[in-house]
Amino acid sequence: MTHTHTQTHADAPQAHVPPTPDTPPSRPEAHPGAPAAPGAQGAAQPGRASDESVAVTTDGLPGWLDPVARAARSVQPRQLSRFLPPESGAGRQSAVLILFGDGERGPELLLMERAGTLRSHAGQPSFPGGALDPEDGDQATTGPLRAALREAEEETGLDPRGVQLFGVLPRLYIPISSFVVTPVLGWWRAPSPVGVVDPAETARVFTVPVADLTDPANRATAVHPSGHHGPAFLVESALVWGFTAGVIDRILHYAGWERPWDRSRQVPLDWRA
């Protein structure tokens, strides 16, 4: 399935965002646990995106994304998840791309469904992303940014040149797979066709309107047999839960887009999930 999105909409979510410290608009402030935001200097190196392509900037960002950018500058790790990277430094460094675009129904997010044959998180809807490779560079600076763009290109076929990175969230932890994940925020400034590149990794690629994610009718609490409870979204014939749903839930909340929903509505998961 492919998607191209070129129209800008005026009916984007209107949000109230709690006050955040003033920071220069073109250099989002780094917070503890997030890689330092790089500048745009430097020449391209073989096998890597240019430094310019991994610059983090809010210049030219559509107004409806301002609440997300502001929230990203102030949110603390514990406000996103109770699972944080081990103090020992253990864990596999990885990154995901949280890509916002303008679709036929307004603001939307790019998601994918992982192949059912994968060893980790098989069959789950997720953000594009994966582990850092040595060629991605320093894991404390541009490495996660490069990895997020590289993995998104490998998994969905998107053209990373059309993506503007505008923020980085604190690193989080997925205990079941020992991934230390850096969520990287992107604006799909110049949309390109996307779809399954390698069926061994990806089952499908799809976009979800933000309006559907905020619709209380599409929200529930996922309950795993292990006892884990967490937010879930029933959208685009998919059940989004786990790490991905948790991050989406917190973005909606801190951007001021969240609408009241029935947390007592439960969706049971089985042991294979």
State plainly whether one hydrophobic cluster holds both L61 and L109, where clusters connect Ile, Leu, Val, Met, Phe, Trp and Tyr through side-chain heavy atoms under 4.5 angstrom apart. yes
How close do V267 and A220 get, heavy atom to heavy atom, and via which atoms? CG2-CB, 3.6 Å
Kindly give the heavy-atom pair with the smallest separation between Q164 and R189, and that separation in Å. OE1-CD, 3.8 Å
Q266 side chain reached by H229 side chain, heavy atoms, under 4.5 Å: yes
Taking atom CG of L172 and atom CZ of F243, what is their separation to the nearest 0.5 Å? 5.0 Å
Would you call the rings of F100 and W257 parallel, tilted or perpendicular, taking 30° and 60° as the class edges? perpendicular
Please report the interatomic distance CD(E236) to OG1(T207), rounded to the nearest 0.5 Å. 6.5 Å
Mind listing the closest non-hydrogen atom pair of A238 and R204 along with its distance? CB-NH2, 3.3 Å
d(D136 CG, T142 OG1) to nearest 0.5 Å is 8.5 Å
Here the gap from L234 atom CG to L213 atom CG, rounded to the nearest 0.5 Å, amounts to 11.0 Å
V208-V68 co-clustered via ILVMFWY side chain contacts under 4.5 Å: yes
N/O donor-acceptor pair under 3.5 Å between R219 side chain and P231 backbone: no
Quick one: closest heavy-atom pair of R78 and R82, and the distance? NH1-O, 3.1 Å
Ignoring hydrogens and geometry beyond distance, is a side-chain donor-acceptor pair present between S226 and H228 at under 3.5 Å? no
Could you pull out all residues at least two apart from R263 that satisfy side chain to side chain donor-acceptor pair (under 3.5 Å)? E258
Does some side-chain heavy atom of L149 sit less than 4.5 Å from a side-chain heavy atom of L165? yes
What verdict does the side chain to side chain contact (heavy atoms under 4.5 Å, CB included) test give for W188 and V194, after you've listed the backbone C-alpha separation in whole Å, the side-chain angles of each residue and the deciding distance to 0.1 Å? CA-CA 12 Å; W188 212 349; V194 293; 3.7 Å; yes
Please check if the side chain of Q76 supplies one atom and the backbone of S74 the other of a donor-acceptor pair under 3.5 Å. yes
Is there a donor-acceptor pair closer than 3.5 Å between any side-chain N or O of N218 and the backbone N or O of V235? no
In the single-linkage hydrophobic clustering (I, L, V, M, F, W, Y; side-chain heavy atoms under 4.5 Å), do W64 and Y254 co-cluster? yes
E135 side chain near R146 side chain, heavy-atom distance below 4.5 Å: no
Does the side chain of P62 come within less than 4.5 Å of W187's, by heavy atoms? yes
Test side chain to side chain contact (heavy atoms under 4.5 Å, CB included) applied to L269 and L239, step by step: CA-CA 10 Å; L269 304 169; L239 173 63; 3.6 Å; yes
Identify the two heavy atoms, one from T214 and one from A211, that lie closest to each other, and give their separation to 0.1 Å. OG1-O, 3.1 Å
Does the side chain of D262 reach to within under 4.5 Å of the side chain of P216, using non-hydrogen atoms? no
Heavy-atom check, side chain of E151 versus side chain of P128, under 4.5 Å: no
To the nearest 0.5 Å, what is the distance between OG on S81 and CD1 on I174? 9.0 Å
Quick one: list whatever passes side chain to side chain donor-acceptor pair (under 3.5 Å) with E154, sequence neighbours left out. R150
With no hydrogens and no angle check, is any side-chain donor or acceptor of S192 less than 3.5 Å from a backbone partner on D159? yes
Do I248 and I98 have side chains that approach each other closer than 4.5 Å (heavy atoms only, starting at C-beta)? no
Say whether L110 and V168 are linked into one hydrophobic cluster, either directly or through other cluster members, by side-chain heavy-atom distances under 4.5 angstrom. yes
Exercise: identify the closest heavy-atom pair between A245 and F233: O-CE1, 3.5 Å
Going from CG on D212 to CD on E108, what distance comes out if it is rounded to the nearest 0.5 angstrom? 10.0 Å
Within a strict 4.5 Å, meaning less than it, do heavy atoms of the P107 and D102 side chains meet? yes
Could you go step by step and tell me if L169 and L185 meet the side chain to side chain contact (heavy atoms under 4.5 Å, CB included) rule? CA-CA 8 Å; L169 297 178; L185 299 169; 4.2 Å; yes
Any chance you could lay out the side chain to side chain contact (heavy atoms under 4.5 Å, CB included) test for E201 and M112, step after step, and finish with the verdict? CA-CA 10 Å; E201 288 192 4; M112 51 172 272; over 6 Å; no
Salt bridge (charged side-chain N to carboxylate O under 4.0 Å, His left out) involving E153 - partner list, sequence neighbours excluded: none
Keeping the roles fixed (side chain from E155, backbone from G129), state whether a donor-acceptor pair exists under 3.5 Å. yes
Shared ILVMFWY cluster between F127 and V75, side chains joined below 4.5 angstrom? yes
